J.: 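Quick one: the structure is below, and I'll ask about it shortly.
Positions are given from 1 along the sequence. These figures come from a predicted structure and were not determined experimentally.
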Amino acid sequence: MEKKSHSNKIRTGERPAPPARTRKKRPKAVPAGKKPRRTGRRVLYWLTVLFVWCGILGVIGFGWVAHDLPDISNLPAPGRETSAVVKAVNGATLANYGPVRGQWLVYEEIPEVMILSLLAVEDRRFFQHGGVDPVGIGRALVANLRAGGVSQGGSTLTQQLAKNIFLSSERSLKRKVQEMLLAFWLERSYSKEQILTLYLNRVYFGAGTYGIDAASETYFGHTARRLSLPEAAMLAGLVKAPSRLAPSHNYKGAKARSDQVLDRMVDAGFITVEAMVRAKNSAPAMARDAAGPDVRYFTDWVLSEVDRLLGARHGPVTILTTLDPTAQRAAEAVLKQKLDEAGKARNVGQGALVSLAPDGAVMAMMGGKSYGESQFNRVTQARRQPGSAFKPLVYLAGIEAGLSPQAIFVDGPVTVDGWTPQNFAEDYAGPVSLSQAFARSLNTVAVRVSQHAGPRSVAALGKRFGIESSLLPVPSIALGASEMTLMELTKVFAVFANGGERVTPYAIVEIQDRHGQILYRYQPQTRQRVARPDHVAAVVALMEESMQTGTGRAALIDRPAAGKTGTSQDYRDALFVGFTSDLVTGIWVGNDDDSPTRHVTGGTLPAQIWRDFMIDAHVGRPVRPLPSLRGLAERRLMKVQD
């Protein structure tokens, strides 16, 4: 019998017999509570994979964080800022920018009250942690969650030292991780006492001072070796916000912060309640020269001008400025006094003052009530409506268009393009001369004069006088509706004061490098004449009359002066700008949030501030006629002689 192969069966279409079924073995029962061995191995496998990937990602992350860490083999010198010394016109030092350092104190020379004050407010567990304090981070996190914002920080003193020495103030996750790594390195490389010594000799305490010895000498007039408990608490409190709390210009804020430090020292068990009470009642006495004129609004502006003249990457410099210390002291004292007196009763929160020489030299500047409370400069940065203080330009445009101060206009209802302005008193005087209308600051007449000259002519005149802010040629330009800075408005009045020559405010006379080489020296330029002297003199006469019989009567002083009041809509801004033969001064009062004052007009508080400042700033200056009128009289005399 012929045998058939397997291939034959397939070829003839016969299917091979299926393999015999084998009975599968059931898995053995697993006792309750135990997982199969295969599941356990699978979990272990994935845990291993996860661990490996975490390790890989950790190495990558560490490399990303550490690749640009600074060289930590040598500690850099403290303070890397460019230094600048700003001086007044008489050579007196106004401010130091950059590092100012006293002696380096070793740990044993640092008073214990200074160390305890710092630890109480900045890092109570300093001697227990290894550079980063998880307990402190957790405590800060809970406090911030309760406060609904950032009220506490979790950085240790070691982290702060690492940031101050090696890193920038950038806020990022990478920078924070780098800070922690450097803190661990510092803790491994130095003892706790050495870290405290480094910190207290390098940390910034405001007013350009680095280290406790420089700060103690600057604020209290003696070495840090003699710090008392109230003084140490005040210095420890400055670390949080040194520029804002520096007692040289914000003693009230520094004292309030030092009281908080003393409270925390009691809470930490470092001092008793009785010691805390005695320290709070013993306010530190400031060094005689630490509480001088509040010139930082001026010196900050000067420094920005230096950057503009030399570029931002200049070296250490000494800057001689135009500031008159007598005028600056008067500006600071008068502005603060008047705002404190009027503040709550009249709902006036802020003010500003700038005083120029007729050629544009800045003699005094207060950009706000207190630099310590707010560094925003309301002279150079804030744009507000000048109101009627803009009217001298309107009337000059009218005079250039052929009007005379004796021209008669009707003070009555007027409507232009659907706009119907009203007078401040909401009544009408009928037929009046331009001189009378200007003295009484009648809005309807100003609008008629502007329409006579043309709003475009008024706007063009403002540009000729040096206003850089936008001036819209609309009917409301007559009432000062266009916003501008107080500096811009004041330099307009300087043009009137000098007889019609355009003025560019300046503050820097000379800049020298560290070797005494002159990098910049102010060179007076031939000023552009922007208005005829007789036209200017006519408007100056209107401003004199306004101070004698009109809205500016509260600004009268004991010498020839001319000026104009200004009040914006709803009493939001109140101004007085005027001049003598020596000074052109602008005053603004109001609120930063643009809320209305309680019926403060330019003829009340601003005029009073202007009067008191000008009286004090003119001490020692002879009484002289106004330059524009004097110049016009001299020119007329020369014509008669010819």
J.: Determine which pairs satisfy ring-ring contact (aromatic ring centres under 6.0 Å, His included) with at least one residue from residues 459-493, sequence neighbours left out, and list them in order.
T.: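 Passing the test, one end in residues 459-493: F465-F496.
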J.: I need the full list of ring-ring contact (aromatic ring centres under 6.0 Å, His included) pairs touching residues 407-438, with sequence neighbours left out, sorted by first then second residue.
T.: Y395-F438, F424-Y571
J.: Could you list all the salt bridge (charged side-chain N to carboxylate O under 4.0 Å, His left out) pairs where at least one residue sits in residues 436-452, not counting sequence neighbours?
T.: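 For residues 436-452, and leaving out neighbouring residues, there are no salt bridge (charged side-chain N to carboxylate O under 4.0 Å, His left out) pairs at all.
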J.: Quick one: are T322 and V89 in side-chain contact, heavy atoms under 4.5 Å?
T.: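 Counting from C-beta outward, T322 and V89 never come under 4.5 Å.
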J.: Evaluate the criterion side-chain hydrogen bond (donor to acceptor under 3.5 Å, both in side chains) for residue pair N347 and T597; output intermediate values, then yes/no.
T.: CA-CA 5 Å; N347 192 34; T597 64; over 6 Å; no
J.: Which pairs, with at least one residue in residues 333-343 and sequence neighbours excluded, count as a side chain to side chain donor-acceptor pair (under 3.5 Å)?
T.: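 For residues 333-343, and leaving out neighbouring residues, the side chain to side chain donor-acceptor pair (under 3.5 Å) pairs sorted by first residue read E332-K336, Q337-E341, K338-D612, D340-K369.
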J.: Is the closest side-chain heavy-atom distance between D582 and R624 below 4.5 Å?
T.: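 A side-chain contact exists here, since the closest heavy-atom pair is under 4.5 Å.
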J.: Please walk me through it: do N377 and W301 pass side-chain hydrogen bond (donor to acceptor under 3.5 Å, both in side chains)?
T.: CA-CA 9 Å; N377 193 329; W301 180 62; over 6 Å; no
J.: Tell me which donor-acceptor pairs under 3.5 Å the side chains of residues 550-561 have, and how far apart each pair is, sequence neighbours excluded?
T.:
from: T551; atom 1: OG1; to: T565; atom 2: OG1; distance (Å): 2.9
from: R553; atom 1: NH1; to: T549; atom 2: O; distance (Å): 2.9
from: R553; atom 1: NH1; to: G550; atom 2: O; distance (Å): 2.8
from: R559; atom 1: NH1; to: R621; atom 2: O; distance (Å): 3.3
from: R559; atom 1: NH1; to: P622; atom 2: O; distance (Å): 3.2
from: R559; atom 1: NH2; to: R621; atom 2: O; distance (Å): 3.3

J.: With sequence neighbours excluded, tell me which residues meet salt bridge (charged side-chain N to carboxylate O under 4.0 Å, His left out) with K255.
T.: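 Only D259 meet the salt bridge (charged side-chain N to carboxylate O under 4.0 Å, His left out) criterion with K255.
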J.: Using the test side chain to side chain donor-acceptor pair (under 3.5 Å), find all partners of H535 that sit at least two apart in sequence or belong to another chain.
T.: none
J.: By the salt bridge (charged side-chain N to carboxylate O under 4.0 Å, His left out) test, which pairs, at least two apart or in different chains, include something from residues 587-597?
T.: R378-D592, R384-D594, R572-D594
J.: If you look only at pairs with a residue in residues 458-468, which of them pass as a side chain to side chain donor-acceptor pair (under 3.5 Å), with sequence neighbours excluded?
T.: E400-R464
J.: What pairs with S546 under side chain to side chain donor-acceptor pair (under 3.5 Å), at least two apart in sequence or on another chain?
T.: none
J.: Just wondering, do L238 and R257 contact through their side chains at under 4.5 Å, heavy atoms?
T.: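 A side-chain contact is absent here, since even the closest heavy-atom pair is not under 4.5 Å.
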J.: What residue pairs, at least two apart or across chains, pass side chain to side chain donor-acceptor pair (under 3.5 Å) with a residue in residues 478-487?
T.: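 Residue pairs with at least one partner in residues 478-487: T485-E488.
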J.: Just so I know, are the side chains of M547 and F576 near enough to count as touching, which here means a heavy-atom distance under 4.5 Å?
T.: yes
J.: The test is side-chain hydrogen bond (donor to acceptor under 3.5 Å, both in side chains); show your working for Q512 and E510 and say whether it passes.
T.: CA-CA 7 Å; Q512 296 182 1; E510 189 175 271; 2.8 Å; yes
J.: Show the nearest heavy-atom pair for residues R502 and V495, with the distance to one decimal.
T.: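 R502 and V495 have their closest heavy atoms at CA-CG2, 4.0 Å.
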J.: Closer than 3.5 angstrom, by distance alone: can the side chain of Q385 be matched with the main-chain N or O of A481 as a donor-acceptor pair?
T.: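 Present.
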J.: Report the residues that fulfil side chain to side chain donor-acceptor pair (under 3.5 Å) with R527, sequence neighbours left out, ordered by chain and then residue number.
T.: E501
J.: Run Y506 and D359 through side-chain hydrogen bond (donor to acceptor under 3.5 Å, both in side chains) and show every step you take.
T.: CA-CA 9 Å; Y506 70 96; D359 71 341; 3.0 Å; yes
